[in-house]
Amino acid sequence: MSGWDELARSMGSRKSSGGVRSGRPRRPVLCDECIRFLSIHSAFEDQREDGSMAREHIDGCEACQQYFAWKEWNRKREEAFYTSPEVVGLVEEYARRFRLPFWQRRRVQLTGGLLLLVACAALVLFLASHRAQGTPPVLFIGVTAGGGSPTPNVVKAISESFDGLDRVYVEGGVPAINKVFSEGTTQDILAAAHWAAERVKTPLIPTFVAALADGRIEVRKAATAALMRMPPLTVKPFVSSLSQAASMEPNPQFGMVLQSFATEISRAR
């Protein structure tokens, strides 16, 4: 027998033994005038005061008094039911049965996935920009792989890369950056995505959305990381494209992250 069946049986036995049913008032028979004055009494605060038109009728009407007694009895019956040990125990039992551990909750998993994606994309873009300039990989910000002192070549390489893309954008605008995405190497595209994310180039949002269909997952992740850096409301017009890209994403895990991002953007206000 289910918990609800046991609850119904126990509550039925309580009713039959005279518990909540004891002293049950008779259901009132209200005329049109009673219904009108009761509606006025309910809708207007001043009509609940002594001497008001509605109170004059209600105080002298046996049917209206019976209605209030019947209504109060039902309220107390419901309160007794929902606060009964059977109901409280059953609710607590189902709450324990279906409560997920913190790390298994969907919102926590999606948030963790987004943070991991952003961290990985930032690391890929950071290292890619260094390899493109011939500088050694960096294990930590400002520290070389050999454990030496901060390397000025790293900062210089990033600055030169950004300066070059700044000039390309000033001279050719969005079409010039689109050419990098369509004709450049993977490293060129990663560097351009990193630059656009840091500079918050919102006119390039359609470029990033189009890059979600690229065959290289590094490019798709870089484009997503750049979109995450844009103001949400500027990305919102492309929610349907994001959802479509998520449904067509060949990598299931990345597809879930992309769909979660699309959902968050759709809620932007």
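All values reported here derive from a predicted model rather than from experimental measurement.
Contact annotation: the side chain of Leu227 approaches that of Leu212 to within less than 4.5 Å [non-hydrogen atoms, C-beta and beyond]. Put simply, the side chain of Glu183 does not reach to within 4.5 Å of the side chain of Asp188, judged on heavy atoms. Between Arg229 and Glu198 there is a side-chain heavy-atom pair separated by less than 4.5 Å.
The minimum heavy-atom distance between Glu56 and Gly51, with the atom names listed, is OE2-O, 3.4 Å. For Ser52 against Glu49, the heavy-atom pair with the smallest separation is OG-O, 2.8 Å. When every heavy atom of Ala196 is checked against every heavy atom of Phe208, the shortest pair comes out as CB-CZ, 3.3 Å. Of all heavy-atom pairs spanning Arg55 and Asp50, the tightest one is NH2-OD1, 2.7 Å.
For Glu33, there are no salt bridge (Lys or Arg N to Asp or Glu O under 4.0 Å) partners two or more places apart in sequence or in a different chain. By the side-chain hydrogen bond (donor to acceptor under 3.5 Å, both in side chains) test, Glu249 pairs with Arg220, sequence neighbours left out. Listed by chain and residue number, Asn251 satisfy the side-chain contact (heavy atoms from CB on, under 4.5 Å) test with Gln253 (two or more places apart in sequence, or in another chain). Partners of Pro231 according to the side-chain contact (heavy atoms from CB on, under 4.5 Å) rule, which considers only residues two or more places apart in sequence or in another chain, are Val200, Thr202, Thr234. Partners of Arg216 according to the salt bridge (Lys or Arg N to Asp or Glu O under 4.0 Å) rule, which considers only residues two or more places apart in sequence or in another chain, are Asp214. With sequence neighbours excluded, no residue forms a side-chain hydrogen bond (donor to acceptor under 3.5 Å, both in side chains) with Arg48. Remark: Tyr169 pairs with Trp195 by the ring pair (Phe, Tyr, Trp, His ring centres under 6.0 Å) rule, at least two apart or across chains. Thr263 meets the side-chain hydrogen bond (donor to acceptor under 3.5 Å, both in side chains) test with no other residue; sequence neighbours excluded. In this structure, the side-chain contact (heavy atoms from CB on, under 4.5 Å) partners of Glu72, at least two apart in sequence or on a different chain, are Arg75, Lys76.
Looking only at distances, no side-chain donor or acceptor of Ser42 sits under 3.5 Å from a matching main-chain atom of Ser39. Judged by distance alone, the side chain of Ser243 and the main-chain N or O of Val239 form a donor-acceptor pair under 3.5 Å. A donor-acceptor contact shorter than 3.5 Å is absent between the side chain of Gln259 and the backbone of Ala246. Using a distance-only test at 3.5 Å, with no hydrogens or angles considered, a donor-acceptor pair links the side chain of Gln66 to the main chain of Arg26.
Hydrophobic cluster of Leu38: the remaining members, joined at side-chain heavy-atom separations below 4.5 Å, are Leu30, Ile35, Ile58, Tyr67, Phe68, Trp70, listed by chain and number. Under a 4.5 Å side-chain heavy-atom cut-off, the cluster of Ile, Leu, Val, Met, Phe, Trp and Tyr residues that includes Phe37 is completed by Ile40, Phe44, Met53.
Note on Ile217 and Met228: separate hydrophobic clusters, where clusters join Ile, Leu, Val, Met, Phe, Trp and Tyr whose side-chain heavy atoms are under 4.5 Å apart, directly or indirectly. Phe261 is not connected to Leu233 by any chain of hydrophobic side-chain contacts under 4.5 Å among Ile, Leu, Val, Met, Phe, Trp and Tyr, and they are in different clusters. The hydrophobic cluster containing Met248 does not contain Leu258, counting ILVMFWY residues as joined when their side-chain heavy atoms lie under 4.5 angstrom apart, directly or transitively.
Separation of atoms CD (Glu218) and CD (Gln187) is listed at 8.5 Å; rounding is to 0.5 Å. In this structure, CD in Gln65 is found 6.0 Å from CG in Asp59, a value given to the nearest 0.5 Å.
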side-chain contact (heavy atoms from CB on, under 4.5 Å), that's the test. Do His57 and Cys34 meet it? Break it down for me. CA-CA 8 Å; His57 169 85; Cys34 290; 3.6 Å; yes
Derivation and outcome, side-chain contact (heavy atoms from CB on, under 4.5 Å), residues Thr224 and Leu242: CA-CA 9 Å; Thr224 303; Leu242 294 177; over 6 Å; no
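The local environment of CG in Asp46 is crowded, with over 12 non-hydrogen atoms from other residues, nucleotides or ligands closer than 6.0 Å.
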Under 3.5 Å, which donor-acceptor pairs link side chains of residues 175-182 to any protein atom two or more places apart or in another chain?
from   : atom 1 : to     : atom 2 : distance (Å)
Asn178 : OD1    : Thr207 : OG1    : 2.4
Ser182 : OG     : Asn178 : O      : 3.1
Ser182 : OG     : Lys179 : O      : 3.2

